[in-house]
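Report on one structure; see the data block that follows.
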2 protein chains.
Amino acid sequence: MTVSITDVARAAGVSASTVSRALRGRQGVSDEVRAQITAVAAQLGYTASQSASSLASGRTYTIGVVVPYVGRWFFGTVLDSAEHVFSAAGYDVLLYNLGSPETRKRFFTKLPVRKRVDALLSLLIPDDEESAALRSLGVPLASTVGGARPGFTVVGIDDRAGTESAVRHLVNLGHRRIGMISGSSGPQHWTTPIARRQAYLDVLAEAGIEHDPALEADGDYTVEGGERAMTELLAASRPPTAVFAQSDEMAMGALRALRRHRLKVPDDVSVVGFDDHELADVIGLTTVAQPVAGQGAEAARLLLRQLDEPGAEAPGHVQMPIRLVLRETTAPPRPRGPQ
Amino acid sequence: MTVSITDVARAAGVSASTVSRALRGRQGVSDEVRAQITAVAAQLGYTASQSASSLASGRTYTIGVVVPYVGRWFFGTVLDSAEHVFSAAGYDVLLYNLGSPETRKRFFTKLPVRKRVDALLSLLIPDDEESAALRSLGVPLASTVGGARPGFTVVGIDDRAGTESAVRHLVNLGHRRIGMISGSSGPQHWTTPIARRQAYLDVLAEAGIEHDPALEADGDYTVEGGERAMTELLAASRPPTAVFAQSDEMAMGALRALRRHRLKVPDDVSVVGFDDHELADVIGLTTVAQPVAGQGAEAARLLLRQLDEPGAEAPGHVQMPIRLVLRETTAPPRPRGPQ
DNA sequence: AAACTGAACGCAAACGCTTGCGCAACAAGA
DNA sequence: TCTTGTTGCGCAAGCGTTTGCGTTCAGTTT
């Protein structure tokens with residue numbers, strides 16, 4: 001049926017152990033025999049059975065990646081770059097898409113990755129219990145979202161600094177009524193929205209602007225949510241002249257809401273996003289750019305390093321640079337007064 | 001170290017085989033013993049080793065998914081929906097991201113999925129050689145792109161009909177100079193761009209419009225490519241008054257090029273895309289919608305069916321519906337003549 | 001009461017690899 | 001010549017499951 005290691009061994013006139021050593025580049029086999037075996041294996045189209053190999057060796061050469069929504073740009077991009085790093089190093093990736101609460105719960109209770117992966121990269125923020133479950137796997141862990149967590153190597157960005165640059169930009173343009181569309185905090189302890197909100201409040205305070213709770217709305221990190229949130233903000237008794245959205249998707253939703261209300265951007269309302277989505281440039285959105293692919297690649301590299309040198313201390317938290325990208329959705333507020 | 005089936009067996013006072021049967025719902029074990037074993041297993045936190053299980057049974061409960069670019073909206077969306085179907089059925093997914101020619105070549109020569117998956121879903125179009133390699137895996141195959149292929153269940157859309165509805169829409173608005181931004185055909189026999197081009201030519205012919213090669217440009221299925229292509233088209237001696245882009249991403253690039261040239265959409269130039277990208281609505285792009293997530297889910301379901309009933313004949317090709325979505329980037333051409 | 005069922009369970013043989021150990025064979029040092 | 005190393009390779013014992021077959025035993029049929 002399917003060709004096994006003993007088939008190769010027989011065909012090459014050696015033992016199975018020699019085939020195993022030869023094909024995996026171990027020493028203890030002469031160059032000529034190795035060449036022989038390699039040739040025979042190629043000719044027979046032999047591939048080692050991953051199951052048998054990992055059962056015997058304990059190594060799976062597989063990395064688990066858990067992500068909330070593969071379909072969303074941010075996660076897709078991180079996954080893309082991480083996958084490249086993994087596959088270049090000879091690792092396969094097992095993907096778990098945990099968008100709905102049920103699949104998420106099932107994953108963390110059944111833990112299908114147990115004994116199946118050598119390491120795990122999480123693109124979602126586990127709560128304490130989930131964190132513990134992952135640690136119980138006994139493999140290196142990394143994450144590209146949220147703040148530092150025990151047992152994890154997390155590569156992220158400085159949410160405070162990013163938010164500050166965005167909001168300060170609006171302040172410097174002369175805006176005083178600055179709204180914010182935030183991402184839902186959800187059931188998990190999702191630190192990002194919290195950090196960004198705090199930074200937003202701090203900048204307002206430092207500029208001597210009184211915070212108006214009516215200028216905050218939740219956008220659920222989606223386009224539709226952003227649209228709803230912007231609509232809410234516009235319904236305030238004194239609507240904002242500028243809005244900071246915690247993600248580009250929400251900013252895009254906000255832009256759509258503004259268009260529906262026949263308000264001009266940036267003349268009537270300025271908008272700044274967060275992420276530098278691939279289409280942010282297309283629609284001219286001012287935003288704070290973060291190296292999304294870079295974070296995925298870096299996290300993957302750090303994971304691989306831990307696998308290569310098991311003794312080494314893993315960095316707890318690394319921060320990647322952010323930068324404000326000025327485009328066409330921000331401008332000074334329209335001068336008020338008698339027209 | 002890690003708890004094995006014999007640990008559970010010992011703790012429950014039965015044999016390993018009984019544990020195996022009990023946990024997998026096989027018959028031949030009494031209800032009380034089964035309950036006992038289930039409880040003990042849960043308490044010990046036992047999970048069967050996937051390697052050992054698949055080595056012994058030959059089933060991997062894993063599906064391979066190969067995709068050119070996980071980061072792109074189309075593929076991410078298909079993957080997302082397919083993954084949900086697979087995981088709901090108890091299958092894990094192994095992801096292979098084959099964007100670059102090297103990784104692609106490596107994948108098809110080494111075929112790391114051999115003996116690792118029970119079925120394979122391809123979101124890229126394999127050439128004849130690659131197709132043969134996949135068939136040699138001896139597992140059910142499905143694809144969500146391109147035309148029918150021997151050995152594959154492919155679920156797609158009617159590219160001709162989709163293109164016709166888009167181009168006819170432009171013709172009906174009164175356009176006569178209708179450009180097209182196509183996706184590169186690339187090295188593989190990628191039938192989609194060819195089918196769409198043919199439909200484009202046919203509609204022009206049926207409307208009595210002479211085809212002008214200067215109104216065709218390649219956009220590589222990317223935003224940047226679309227922008228370049230549009231710029232090319234605008235450089236023609238008689239530029240188009242309307243453009244059909246073979247994907248929304250390219251259409252978005254075209255919109256950006258038009259904005260850079262200070263041309264109004266749809267007043268100066270109409271644009272219609274293809275796909276109904278999640279952000280098409282945000283920017284008001286007229287486009288032909290295809291059920292992207294639906295195709296992923298359907299392909300996944302068809303694959304699972306083949307696994308459940310190995311004897312059954314698999315459908316060779318199923319087509320999902322498309323529909324033209326009118327938004328704000330198309331309008332009648334600006335009346336010409338003395339202004 | 002004997003013979004026959006079927007259900008519930010254990011035994012042991014795979015499944016296809018990896019790896020510690022042992023054993024030649026040969027080279028180099030004493 | 002005899003040790004001592006070194007290198008190249010085979011043996012065989014796992015790794016943790018699944019599964020065909022055999023055994024036991026309670027319950028049914030003659």
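Bear in mind that the values here come from a model prediction, so they are computed numbers and not experimental data. Below, chains carry the letters A, B, ... as their sequence lines are ordered, and counting in each starts from 1.
In plain terms, the two heavy atoms of B/Thr6 and B/Ala16 that are nearest each other are CG2-CB, 4.4 Å. In terms of heavy-atom proximity, B/Leu111 sits nearest to B/Ala133 at CD2-O, 3.6 Å.
Using a 4.0 Å cut-off on heavy atoms, none of the residues of residues 39-53 of chain B approach DNA chain C. Contacts between residues 54-63 of chain B and DNA chain C, counted as heavy-atom distances below 4.0 Å, involve B/Leu55, B/Ala56.
First and last contacting nucleotides of DNA chain C toward chain A (any atom under 4.0 angstrom from a heavy atom, 5' to 3' order): C/dG16 to C/dG20.
Taking the screw axis at each terminus of the helix from C/dA1-D/dT30 to C/dA30-D/dT1 from five consecutive base pairs, the angle between the two is 50° to within rounding of 10 degrees.
Partners of B/Arg116 according to the salt bridge (Lys or Arg N to Asp or Glu O under 4.0 Å) rule, which considers only residues two or more places apart in sequence or in another chain, are A/Asp92. Considering only residues two or more places apart in sequence or on other chains, A/Arg24 meets the salt bridge (Lys or Arg N to Asp or Glu O under 4.0 Å) condition with none of them. For A/Arg301, the salt bridge (Lys or Arg N to Asp or Glu O under 4.0 Å) criterion is met by A/Glu298, not counting sequence neighbours. Under the salt bridge (Lys or Arg N to Asp or Glu O under 4.0 Å) criterion, A/Arg114 pairs with no residue at all, not counting sequence neighbours. Not a single side-chain hydrogen bond (donor to acceptor under 3.5 Å, both in side chains) links A/Arg26 to another residue, sequence neighbours left out.
A salt bridge is absent between B/Arg305 and B/Asp308; no separation between the charged side-chain nitrogens and carboxylate oxygens falls under 4.0 Å.
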A/Thr103 and A/Tyr96: CA distance, side-chain angles, deciding distance, side chain to side chain contact (heavy atoms under 4.5 Å, CB included) verdict: CA-CA 9 Å; A/Thr103 60; A/Tyr96 295 89; over 6 Å; no
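The 5' end of DNA chain C is approached more closely, in terms of each residue's nearest nucleotide, by B/Arg21 than by the other of A/Arg21 and B/Arg21.
Within the structure, the ring-ring contact (aromatic ring centres under 6.0 Å, His included) test picks out the following pairs touching residues 36-68 of chain B (sequence neighbours left out): B/Tyr61-B/Tyr91. Listed by first then second residue, pairs satisfying side chain to side chain donor-acceptor pair (under 3.5 Å) with a partner in residues 49-58 of chain B read A/Ser51-B/Ser54, A/Ser54-B/Ser51, not counting sequence neighbours.
An OP1 or OP2 oxygen of D/dT18 is reached within less than 4.0 angstrom by no side-chain nitrogen or oxygen of B/Arg26. Between D/dC15 and A/Lys115, no contact under 4.0 Å exists linking OP1 or OP2 to a side-chain N or O.
Within the nucleic acid shown, A/Arg24 comes within 4.0 Å of sugar-phosphate atoms alone, with no base atom in reach, counting heavy atoms only. Backbone-only engagement by B/Ser4 is indicated by non-hydrogen atom pairs under 4.0 Å involving sugar-phosphate atoms exclusively.
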Nucleotides 23-28 of chain D: protein proximity per nucleotide (B base, S sugar-phosphate only, - neither; heavy atom, under 4.0 Å): ------
